[in-house]
Novice: 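The structure's right below; bear with me while I get my questions together.
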Amino acid sequence: MDEIQGKASARVDATRQSVFDFITDVGRLPEWNAAIEAVTDQPAMLVEGAEWTVKMHPQGLPRWGSISRVEELDRNRFRFSYQTRNADGNPSYAQWAWELADSGGGTEIAVTWHVHLKTADRKYFAGPIRKRQLAREVPNSLAALASAMRAAIVG
């Protein structure tokens with residue numbers, strides 16, 4: 001297996017601007033992404049080229065550090081994309097892209113991922129495991145995001 005690709009979507013009862021602000025607040029990632037245990041480093045301002053680091057801990061796997069770098073942050077078109085790589089220097093990486101669209105008084109969130117597996121351990125061991133996990137994790141994260149957005153609006 002050389003690549004993993006996937007996509008997921010969800011509708012949130014909030015404006016595109018508020019959803020965009022929420023998902024691009026990388027310090028809040030652990031609130032709605034259960035695979036992220038902690039944000040360990042983040043930029044003062046999220047701009048193209050900025051990086052942040054998280055401690056990953058998906059269910060059933062050991063912890064690892066992950067570094068993400070913003071590739072696109074288009075606040076007018078509500079697009080956010082970044083590349084993620086393992087902090088251990090492995091050349092494998094993932095491309096993530098988020099797009100937000102108006103949807104009947106709310107926002108439709110679409111997220112895609114394209115993982116490039118470059119080493120044997122990722123191709124034959126970690127990749128197949130993460131493929132199955134991501135197919136569950138991302139929709140669960142979107143549901144948790146919607147719940148966290150509701151709580152933020154009410155609170």
Side-chain angles (χ1 to χ4, degrees), residues 1-43 45-61 64-87 92-118 122 126-153:
M1 169 182 301
D2 292 335
E3 297 181 0
I4 300 169
Q5 296 182 46
K7 60 183 175 180
S9 62
R11 187 180 179 289
V12 177
D13 290 325
T15 66
R16 282 193 302 173
Q17 188 63 59
S18 61
V19 174
F20 193 80
D21 291 344
F22 202 85
I23 65 171
T24 58
D25 182 351
V26 296
R28 297 186 85 165
L29 287 169
E31 291 179 36
W32 54 272
N33 187 329
I36 296 176
E37 187 171 275
V39 176
T40 58
D41 188 37
Q42 64 183 354
M45 178 178 276
L46 198 64
V47 296
E48 290 180 10
E51 292 188 342
W52 70 92
T53 305
V54 299
K55 184 183 296 183
M56 297 292 300
H57 193 201
Q59 185 176 3
L61 290 179
W64 72 85
S66 178
I67 302 166
S68 296
R69 182 179 38 82
V70 177
E71 294 185 330
E72 179 183 17
L73 185 69
D74 189 331
R75 296 182 188 283
N76 296 318
R77 293 177 39 222
F78 301 97
R79 290 183 44 83
F80 176 45
S81 66
Y82 51 94
Q83 183 184 95
T84 299
R85 64 192 184 282
N86 197 303
S92 300
Y93 64 95
Q95 301 288 139
W96 292 87
W98 296 74
E99 292 189 49
L100 308 180
D102 284 327
S103 175
T107 299
E108 184 72 21
I109 304 169
V111 60
T112 59
W113 59 95
H114 191 171
V115 182
H116 303 268
L117 304 167
K118 301 293 185 181
R122 300 306 199 266
I129 291 170
R130 286 302 286 152
K131 180 179 181 177
R132 290 188 300 274
Q133 287 180 323
L134 287 169
R136 289 186 309 269
E137 281 176 19
V138 178
N140 288 344
S141 290
L142 291 175
L145 170 65
S147 181
M149 293 269 335
R150 279 192 300 276
I153 291 168

Novice: Any sub-3.5 Å donor-acceptor pair from Gln42's side-chain atoms to Gly27's backbone N or O?
Specialist: yes
Novice: Side-chain contact test, heavy atoms from C-beta onward, threshold under 4.5 Å: evaluate it for Trp96 versus Val138 and give yes or no.
Specialist: yes
Novice: Is there a side-chain contact between Arg85 and Lys118 (heavy atoms, below 4.5 Å)?
Specialist: no
Novice: Counting C-beta onward and ignoring hydrogens, is there a side-chain heavy-atom pair between Tyr82 and Trp98 closer than 4.5 Å?
Specialist: yes
Novice: Are Thr112 and Gln5 side-chain neighbours, meaning at least one heavy-atom pair lies under 4.5 Å?
Specialist: no
Novice: Got Trp52 and Leu29 here, is their nearest side-chain heavy-atom distance under 4.5 Å?
Specialist: yes
Novice: Would you say the side-chain atoms of Thr40 pair up with the backbone N or O of Thr53, donor to acceptor, closer than 3.5 Å?
Specialist: yes
Novice: Quick one: which residue pairs count as a salt bridge (Lys or Arg N to Asp or Glu O under 4.0 Å) with a foot in residues 92-101, not counting sequence neighbours?
Specialist: Arg79-Glu99
Novice: List the residues meeting ring pair (Phe, Tyr, Trp, His ring centres under 6.0 Å) with His57, not counting sequence neighbours, and say none if there are none.
Specialist: none
Novice: Side-chain contact, heavy-atom cut-off 4.5 Å: Tyr93 with Arg69?
Specialist: no
Novice: Any side-chain heavy-atom pair from Met56 and Ile36 closer than 4.5 angstrom?
Specialist: yes
Novice: I'd like to check Arg130 versus Leu117 (side-chain heavy atoms, cut-off strictly below 4.5 Å). Are they in contact?
Specialist: no
Novice: Give the intermediate values and the outcome of salt bridge (Lys or Arg N to Asp or Glu O under 4.0 Å) for residues Arg150 and Asp13.
Specialist: CA-CA 8 Å; Arg150 279 192 300 276; Asp13 290 325; 5.8 Å; no
